[in-house]
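Taking it in order: structure first as structure tokens, then the write-up.
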Amino acid sequence: MLPPFSCPRQFATIAVMATPFTQPLLKVEDLSLSFGERPAVKGISFHINEGETLGLVGESGSGKSATSLAILRLLPPTATLTGSLSFAGSNLLTLPEHEMRRQRGSSIAMIFQEPMTALNPVMPVGEQIAEAVRAHHPALSRREVSERVLKAMHEVALPSPEQRAHDYPHQFSGGQRQRILIAMAIVNRPRLLIADEPTTALDVTVQAQILALLNRLRQTHHLSMLFISHDLAVVSQVADRVAVMQHGVIVEQAPAAQLFHSPQHAYTQRLLASAPTMRTDRSRPLATLA
Ligand SMILES: Nc1ncnc2c1ncn2[C@@H]1O[C@H](COP(=O)(O)OP(=O)(O)OP(=O)(O)O)[C@@H](O)[C@H]1O
Ligand SMILES: [Mg+2]
């Protein structure tokens, strides 16, 4: 029997402005997916309202990234999918591919965990952000594209965008590269941002800065966000609600404060107990996950 969980300061949920949520923007119902014969996600359901952030947490291999790739229809042909995925009223599973391409990067954008591999090393970063703009707005003039690029670079607080737009990814720090990827994701004003472990490769100080940036952007852009992480402390800083995944199943879903204060499922309780906090008794080993 686990002791009752008292919410440590580390998990204190930041009061992200209470937004009056209305219709779900994204609705996932009974989604299952397998790679060949091997199931990766087994009948999960969740929704994300306008302006809301859902944190998706769970151990490695629990199906978090597969779920996000399913939403973007970026799974390999070996994957089979059942269930329903609706975004702003359209069924993403039956949308023709050219329509889906239009949604990707415009209405639904994604930021990936490892900024170095997601950026083209031999192209100036401003040009890479410009490509994202041109892919969805081919009729814009060079000047209009450039204005959007610089505005996005300003919004993610990259220093001196006018000069730095000409620099290559290796000329930026890890945190700055992640800001470039975020600029690329928001430049077309998406309604839903999927962030798959966006701060895992960063040290804690830079991680805090990126989380603050995402929180600011979601308010100024009224963004909905699916924030994926294995780190509950990180999720507690951005999520309004949290879904916990284990072995392809969502075992618990609740508003963030409720989940961190009174987790109901044994796996969530173990997950919380296995994370060190300032109050952890260092004379005893941390709880481990089976
Ligand atoms: N392209 C693929 N082909 C075959 N199996 C895959 C593929 N992608 C993922 N899987 C399998 O699907 C399961 C879920 O993987 P997924 O990448 O979604 O995990 P995850 O929760 O994102 O883990 P992590 O925290 O390590 O990123 C795993 O068993 C994984 O091996
Ligand atoms: Mg993953």
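One is the number of the first residue; the rest follow in order along the sequence.
- The distance from atom CG of L74 to atom CE of M110, rounded to the nearest 0.5 Å, is 8.0 Å.
- Put simply, L150 and M123 are part of two different groups of oily side chains (I, L, V, M, F, W, Y) that touch within less than 4.5 Å, one to the next.
- Side-chain contact annotation: S141 with E144, donor-acceptor N/O pair under 3.5 Å present.
- Proximity of V206 to T199: side-chain heavy atoms (C-beta onward) are nowhere separated by under 4.5 Å.
- R218 places a side-chain N or O within donor-acceptor distance of the main-chain N or O of V238, the cut-off being under 3.5 Å.
- Salt bridge R191/E50: present, at least one basic N to carboxylate O contact under 4.0 Å.
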Would you check, one step at a time, whether the test side chain to side chain contact (heavy atoms under 4.5 Å, CB included) holds for L26 with F46?
CA-CA 8 Å; L26 177 77; F46 63 86; 4.0 Å; yes
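- Ring orientation note: the planes of Y267 and H265 are nearly perpendicular, at an angle over 60° on the 30°/60° scale.
- Counting all heavy atoms, side chain and backbone alike, E52 lies closest to R241 at OE2-NE, 2.7 Å.
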Run the side chain to side chain contact (heavy atoms under 4.5 Å, CB included) test on T67 and M245 for me, step by step, so that the C-alpha distance in whole Å, both residues' side-chain angles and the decisive distance to 0.1 Å come before the verdict.
CA-CA 11 Å; T67 301; M245 263 187 110; 3.9 Å; yes
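- For the 3.5 Å distance criterion, the side chains of E197 and H230 qualify, holding a donor opposite an acceptor.
- Contact annotation: the side chain of Q237 never approaches that of Q207 to less than 4.5 Å [non-hydrogen atoms, C-beta and beyond].
- The OG atom of S68 sits 4.5 Å away from atom CG of D196, with the distance rounded to the nearest 0.5 Å.
- Closest heavy-atom contact between P124 and A165: CB-O, 3.6 Å.
- A donor-acceptor contact shorter than 3.5 Å is absent between the side chain of D30 and the backbone of G83.
- For the atom pair Q103 CD and L92 CG, the distance stands at 6.5 Å (nearest 0.5 Å).
- Considering all non-hydrogen atoms of both residues, A233 and S236 come closest at O-OG, 2.7 Å.
- Interatomic distance, I182 CD1 to R179 CZ, rounded to the nearest 0.5 Å: 7.5 Å.
- Here the straight-line distance linking atom CZ of F172 with atom CG of L119 works out to 9.5 Å at 0.5 Å rounding.
- Using a distance-only test at 3.5 Å, with no hydrogens or angles considered, no donor-acceptor pair links the side chain of S229 to the main chain of V57.
- For the pair S45 and I250, the minimum side-chain heavy-atom distance is 4.5 Å or more.
- Checked against side-chain hydrogen bond (donor to acceptor under 3.5 Å, both in side chains), T268 has the following partners two or more places apart in sequence or in another chain: E252.
- Contact between V145 and L140 at its shortest, heavy atoms only, is CG2-CB, 3.8 Å.
- Residues satisfying the side-chain hydrogen bond (donor to acceptor under 3.5 Å, both in side chains) criterion with R143, sequence neighbours excluded, are E147.
- The side-chain hydrogen bond (donor to acceptor under 3.5 Å, both in side chains) search around R134 returns E127, not counting sequence neighbours.
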Applying side chain to side chain contact (heavy atoms under 4.5 Å, CB included), run through N120 and E131 and close with a yes or a no.
CA-CA 11 Å; N120 182 342; E131 267 200 347; over 6 Å; no
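- A side chain to side chain contact (heavy atoms under 4.5 Å, CB included) with L56 holds for exactly one of I44, I194, L226; it is L226.
- At least one side-chain heavy atom of H221 sits under 4.5 Å from a side-chain heavy atom of I186.
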Please walk me through it: do V125 and Y168 pass side chain to side chain contact (heavy atoms under 4.5 Å, CB included)?
CA-CA 6 Å; V125 298; Y168 292 85; over 6 Å; no
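- Closest approach of G55 to V235, counting heavy atoms only: CA-CG1, 4.0 Å.
- With respect to E155 and R148, no salt bridge is recorded, no charged nitrogen being found less than 4.0 Å from a carboxylate O.
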